[in-house]
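These numbers come from the heavy atoms of this one structure, side chains and all, not from hydrogens, waters or symmetry mates. Convention: sequence-line order gives letters A, B, ...; per-chain numbering from 1.
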Amino acid sequence: MTGNTDIIFAQPLGCYVELTYNTRLSSIRFIKSKNGLKEKKTFKATFELEQYFGGEIKEFSCDVDISGLSPFTQKVLDELRKIKYGETITYSGLAKRIGSKAYRAVGRALASNPIPIVIPCHRVVAKNGIGGYSGGVDLKKRLLELEGLP
DNA sequence: AGCAGGTTTAGCG
DNA sequence: CGCTAAACCTGCT
């Protein structure tokens with residue numbers, strides 16, 4: 001693998017974001033380092049992400065590569081991408097959408113989601129609270145606020 | 001096989 | 001009202 005990566009600074013989150021590409025966008029990760037990293041923008045999705053953070057766009061048009069994940073997980077993530085900007089859904093609600101009541105398994109699927117934000121796992125909240133998040137609940141809150149949610 | 005996970009719901013103090 | 005306990009389903013070790 002060539003390991004093509006882009007890096008941008010996400011103002012609303014207060015941290016850097018690293019995007020990894022293969023043939024498609026394959027993974028996103030958050031970098032908490034305070035040291036000055038160089039922003040690098042070469043792929044379309046990178047610009048989209050930057051525009052998203054700036055509130056200029058609400059949806060992503062780029063495709064993602066989740067072929068390495070299990071069928072159930074892919075199904076969950078695929079369904080999750082249909083959740084629109086500014087909307088939220090509960091773990092059980094999402095499970096119901098794919099014809100299952102495995103809300104616990106849904107949480108697991110989201111935890112193994114390689115591409116947060118583009119696959120809006122932050123829009124999935126617990127029925128009685130905000131729920132959890134791979135990159136930290138604090139990060140999740142900021143993402144929700146960015147979309148105008150309490 | 002067994003365990004743990006980004007939950008949920010019901011039951012008690 | 002806040003907390004503990006058991007249950008559901010999947011992916012991993």
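- As judged by a 4.0 angstrom heavy-atom cut-off over every strand, A:Ala111 is placed among the base-contacting residues.
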Open item on the list: Run A:Glu79 and A:Arg81 through salt bridge (Lys or Arg N to Asp or Glu O under 4.0 Å) and show every step you take.
Closed with: CA-CA 5 Å; A:Glu79 189 66 36; A:Arg81 288 185 71 189; over 6 Å; no

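- When heavy atoms are screened at a 4.0 angstrom cut-off, A:Val124 is found touching base atoms of the nucleic acid.
- Comparing C:dA7, B:dT8, C:dG11 by their closest approach to the side chain of A:Arg104 singles out C:dA7.
- What separates CG of A:Asn128 from P of C:dC3 is a distance of 12 Å, to the nearest Å.
- Counting only heavy atoms from C-beta on, A:Phe72 has its side chain closest to C:dT10 among B:dG6, C:dT10, B:dG5.
- Distance NZ (A:Lys127) to C1' (C:dC8): 15 Å, rounded to an integer number of Å.
- Across the strands present, B:dG6 finds no partner; the criterion is a Watson-Crick or G-U wobble pair with both atom distances under 3.5 angstrom.
- The interatomic distance linking A:Arg97 (CZ) with B:dT7 (P) rounds to 20 Å, in whole Å.
- Using a 4.0 Å cut-off between a side-chain N of Lys or Arg and a carboxylate O of Asp or Glu, A:Glu147 and A:Lys58 do not qualify as a salt bridge.
- As a whole-Å value, the separation of A:Leu94 CG from C:dC8 C1' is 16 Å.
- When the side chains of ILVMFWY residues are joined at heavy-atom separations under 4.5 Å, either directly or via intervening members, A:Ile119 and A:Phe47 end up in two distinct hydrophobic clusters.
- The distance from atom CG of A:Asn113 to atom P of B:dG6 is 12 Å, rounded to the nearest whole Å.
- Across all strands shown, A:Ser70 has heavy atoms under 4.0 Å from sugar-phosphate atoms exclusively, and none from any base.
- When the side chains of ILVMFWY residues are joined at heavy-atom separations under 4.5 Å, either directly or via intervening members, A:Leu149 and A:Leu13 end up in two distinct hydrophobic clusters.
- Atoms CG (A:Leu144) and C1' (B:dG6) sit 13 Å apart, rounded to a whole Å.
- In this structure, CD1 of A:Ile89 is placed 15 Å from C1' of B:dT8, rounded to the nearest angstrom.
- Rounded to whole Å, atom C1' of C:dT10 lies 13 Å from atom CG of A:Leu110.
- Looking at heavy-atom distances under 4.0 Å, A:Ala105 makes contact with a base.
- Where A:Lys101 and A:Leu69 each meet DNA chain C at their nearest nucleotide, the meeting point lying more 5' is that of A:Lys101.
- Distance from the side chain of A:Arg108 is smallest for C:dT10 among the nucleotides C:dC9, B:dT8, C:dT10.
- Residue order along DNA chain C, read from the 5' end via each residue's closest nucleotide, puts A:Tyr103 first among A:Tyr103 and A:Pro71.
- In this structure, A:Lys140 does not reach the B:dG6 phosphate: none of its side-chain N or O atoms is under 4.0 Å from OP1 or OP2.
- The residues A:Glu87 and A:Arg123 are annotated as not salt-bridged, no charged nitrogen and carboxylate oxygen being separated by less than 4.0 angstrom.
- Under 4.0 angstrom from either OP1 or OP2 of C:dC9 there lies no side-chain N or O belonging to A:Ser100.
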